[in-house]
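This report concerns only the one structure given below.
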Amino acid sequence: MASKVVYSPRDPMLKKRDDFEDVLEERRRSSDLRYALRCYTPVLYKGLTPCKASELKTMVLGSDQLHYVVNQVSRESGVSVDEVQAEASVILEEMAQRLQLSTIRFFAFTLSKVFKAMFRSICVNEEGLQRLQQVIQEHPVVLLPSHRSYMDFLLMSYILYTYDLPLPVIAAGMDFMGMKVVGEMLRMSGAFFIRRSFGGDKLYWAVFSEYVKTMLRNGFAPLEFFLEGTRSRTAKSLTPKLGLLNIAMDPFLKGEVFDVSLVPVSISYERVLEETLYARELLGVPKPKESTSGLFKARRVLSEDYGSIHVYFGPPVSVRSLAEGRVNRSQFSLVPRHIPMRPSEDVHGFVNDAAYRLVRAQEDNMVLKPWVLLASLLLQNQAAGKNQGVPLGELIQQAVWLRDLCRQFGAFLHWPDHVPPSEVVSSSLSLHSGLVRVSEDRVFLALEQGFLTAEEELLSQAVVVLSCASYRNQVLHVFLRPALLASAIHTASSSQKRKAPPPLSWLRFPLLTRVCDFEEACYLLTKSGALHVNQHEVLATERGHRTLAFLTGVLDPFLQGYQVRLVCRFLCEDATEALTERRFVPAVREFIIKHLLKGRLRYPEVLSSDLQRNALAALLRLGAVQKVQGCVCFAHLYVLHMDAFPF
Amino acid sequence: MASSSCGGGSDRQMAAQHRLSIIAGHLQRPSGSNTAILAAECKAQASKPFVSSERRTVPRRRQEIMKWNGWGYSDSKFVYNKKGQAEFTGRRYKLSGMIIPGLKDWMENTFGATLQHKTTATPALNSSAVPPPTLNEAFMEELKSTGIPFSADAEDRVFRAHGHCLHEIFALREGKIGRVPDMVVWPNCHNDVVKIVELACKHNVCLIPYGGGTSVSSALECPPEESRSIVSLDTSQMNRILWIDEKNLTAHVEAGIIGQDLENLLNESGYCTGHEPDSMEFSSLGGWVATRASGMKKNIYGNIEDLVIHIKMVTPQGVIEKSCQGPRMSTGPDIHHFIMGSEGTLGVITEVTMKIRPVPEYQKYGSVVFPNFEQGVACLREVARQRCAPASIRLMDNEQFKFGHALKPQVSSIFTSFLDGLKKFYITKFKGFDPNRLCVATLLFEGDREKVLQHEKQVYDIAAKFGGLAAGEDNGQRGYMLTFVIAYLRDLGMDYYVIGESFETSVPWDRVLDICRNVKARIVYECKDKGVQFPPLSTCRVTQTYDAGACVYFYFAFNYRGLGDPVHVYEQVEHAAREEILANGGSLSHHHGALRLSALLSGTDAVANVWPGSW
């Protein structure tokens, strides 16, 4: 039952990774039709109360939980109980899934065709699926895949069907409902639809949470949702959303089930379907509305090569063991369980920590492709010089060096060892021919030129850079902690201009405030031979310079983006009055474009709205900026303080 | 609790049996010398007792009839005979002398406990292993002058050094004896107790009250670090009914009387208390009061707190009692409510006035089979909602149903076995009950013949709504009888590497199913986690119904072959199970008492010169 939250140094050589199996291999050899019509008998939860999707609705509408809220809403609004109940019924109708085997079989057939056309392989760790098969029988299961593409949940269901596992019910955003036929088909394959925001709507929340909990308690099917809430446009993990996780843990906390198993799933794409789409979105082109016709227009993607997909089913995490010693469950025994309660402070903290842990588990098991390393190298190169490109030989040599570094840092790198590095590199480059160009043995980013205005050119180039960056970001979690330390060392030694190496305590400030993060960073850098750490100080070794320089370079665009000088200066110089939140991003973007064109900023990446939002959130957290009725104000008191930051 | 004609007595009986078995174990085995006992008349008692104190079940020398390291009477136990069949020895019980053909297979299938793997308990108490007594000479001198009998004999002392917790019995079987009382005194009446407590205060001596010795809360354990002389105050000789008041239907009884004697004596006058905890064969009135006991027929007669009218308790500060016997008063907090549940920490209960009732005209057992536990619980809840519980109503889960089945004695006639087969066929094949899911409720009705029959119909009608099928009187009666022998079964288990115990809780209705499932699952989980090599028996039953909730009993046992420190593992698992109970909104105890467990809650401590005791 003991859970090990303590940091344990990860060593790739010691940690055995599961082997992967290509799902498509079998598909290419045998009939898709037979596959779609084969006998499907998944293992079931031992405590399953067998019921149909329609019975679920009856159970939800008849539940004490819902009755309580219906009565409450009726009292508060003066609408009759029957009307509120009818409203609840409508909400449920709009939300509920109608899982049907025939639809699944249809998808099994069509997706087989589609996947074979688009992907070279879909690799799955079978051991993970075996573990999943076991826990499915024991406890209600929650599947938590990473979210990088629309493909994610189709892929999940496809794999589970292939391995004869129960198909999940999937929490999907309401926007899919806009796609008429497809929305209904998704519904019949197990998706249920929730509104993006329903903050104050008690009734909606009650129907929704009771619906999810009923499915979980009865073991109707594994529950699947995305911790990050939405697709990450940058390939970085997003701040986890706690709402659904809270709901999923509730049956355990209230003793309605013995345990709930959370299974983080990491899905990594060699080439993401939506890569340039994301980049445009980050630059301010709004995302196209989901529509069926849009989907058909997008069918040209079918003829392209998207490389391989790796899906890693992580080890199941027991909510019971997570909660052991953290949550006093008897707090739930003093109020009838059907009365909705705000989670207490400790429960909230617990769910929050669990969410971050799960996201990190997703990151750790994310398979990295060689292209990810190439993208990192090319971006650094791009920033260093103009766009002169790198000689192919040099790139290969750098990639091999970086590959070894990654492995030392414990990255889950999928680099085919039996193939010569030159082939690995050129195959990656050709897969991403939209982003890179090779001519005369030099490798360039595919930046177009010859636009009317400099601004247009900048934006078009930024699309390519941001796309590349989204691949580089995949490896970020591996480098993040050492890179923070490397940057701190770099800043300390250059700005302080003192001979004595900086003391340990100083280096931890301000970014590596958690001891375990700092220790992990030290451990990794020492292991790779870049640092020498003794009791009081940290020394860079001779051969460590290359590593440290690379790591600093990885972080550089972010630091520049975050720099007080950027957002802060913007707020100081341009924002003479308070800004509404919606106007913030476009205003900052304009400001940045101005500075980029003048050459004061180096990285087009800083145009990313993601970066700007994060920076704003950080400033809010630090108290440098205040939110007043939806407007952003600068708290002037903090100006000096902010400037004193080392970056 | 309303004592209408409805009631839930069957739960009670099981509990009563359990308790009885615990008590019997305590009572067991004194064999040594009974020196220095002066049979002094209790001069203080002015009036002659209403009922004489001859014919008492438990003698002063418990060793004469009780086991020293197991439950109950020395002559009654489960053994495997030469043919390898289980048999219950002795003549005291209905089951005595019978062969139980299914038990061996059940033991093997449930625990993996086979005849080949037998443990041997230390055969007899080795007096030299008992640490020499720390005697307080001055106390002894003055005690002698009072004429109250006492003894420092090793056997007497060891007998009063333990209750019936698993670790206590396990240690005895291994011949391990820790700190035991240095002396035993047998007061004969209230005034004797007053004298003893006075002397103890004067000479700085610890007292541990001892009644029936059936404690399962470690209340009898002597603190090992205690350097003062510890005196066990055995109330077993204070066992008279002092008077019966037929106008008010009350009886005034000395607190040392044990349950079966109290009932038998009252029956002679046509009365009963109706308080029947499972341990009533051996537990004492004082103990019931001190632990807030509950009897299986509480639905008609009430729990101990409903039955008690007046209590006399001797404390180091003097005697405490109410000044009248009114049925209810509004004069500040009720002093009875800190006496009940004090578990011997505050004083020695010496005399109790209890409600009595005329012996019921008619008794009828019954049983109902449900397709699953959920339906059974729903039925009990409905019965409680309509406030029509019979004297006793208990619901066993599937594992316990199977266990009860395994304990069926050999049937003599082909006809009976044919009938059994037919019943089984009807339920499983015709009615489609899954033998691995069905569960049984046992019932006991009491009262006027006519009312009982009417009541019975009402309950069966409710049961039918939840898919319950009437399953006959025999099954019901056997269910209740078995509760009295179940405690003996633990001793058999221990002979074959199986250890186990039960614990109970009370819980609101809406959590009954959840707590049953989660605690059972937690036990299985923890056993696996702690390296237990065999799957444990983890089972429960709902034994009492209330308006707002129910009492749930858990049984847990496992085969400990391959474990280094089985008792420690047992305790870890039990601790985890109790933690689970608390996490699921259950109470730490419904009626066993919780002295040893209170650390789980906050941590109370025993006070002053009087140590926790067991009765």
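All values reported here derive from a predicted model rather than from experimental measurement. Protein chains get the first letters and strands the later ones, always in sequence-line order, with residue 1 at the start of each.
- Residue A/Phe252 holds its CZ atom at 8.0 Å from CG of B/Asn518, rounded to the nearest 0.5 Å.
- Rounded to the nearest 0.5 angstrom, B/Ile515 CD1 and A/Ser333 OG are separated by 9.0 Å.
- Remark: the backbone N or O of A/Gly255 is not paired with any side-chain donor or acceptor of B/Arg511 at under 3.5 angstrom.
- Once rounded to the nearest 0.5 Å, the distance linking CG of B/Asp514 with CZ of A/Phe258 reads 12.5 Å.
- Surrounding CD of B/Glu108 are more than 12 heavy atoms belonging to other residues, nucleotides or ligands, all under 6.0 Å away.
- With respect to the salt-bridge test (charged N to carboxylate O, under 4.0 angstrom), the residues A/Arg320 and B/Glu580 qualify.
- The existence of a salt bridge linking B/Asp510 and A/Lys254 is excluded, since no basic side-chain nitrogen approaches an acidic carboxylate oxygen closer than 4.0 Å.
- In this structure, B/His568 places its NE2 atom where only 12 or fewer heavy-atom neighbours from other residues, nucleotides or ligands lie under 6.0 Å away.
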Take A/Arg329 and B/Glu579 through the side-chain contact (heavy atoms from CB on, under 4.5 Å) test and state the conclusion after the steps. CA-CA 10 Å; A/Arg329 282 182 286 150; B/Glu579 201 180 74; 6.0 Å; no
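- Residue A/Val257 touches chain B through its backbone alone, counting heavy-atom pairs closer than 4.5 Å.
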Mind running side-chain contact (heavy atoms from CB on, under 4.5 Å) on B/Tyr525 and A/Glu138 for me, showing each step along the way? CA-CA 11 Å; B/Tyr525 176 93; A/Glu138 292 298 313; over 6 Å; no
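- In A/Glu76, the CD atom is crowded: over 12 heavy atoms of neighbouring residues, nucleotides or ligands sit closer than 6.0 Å.
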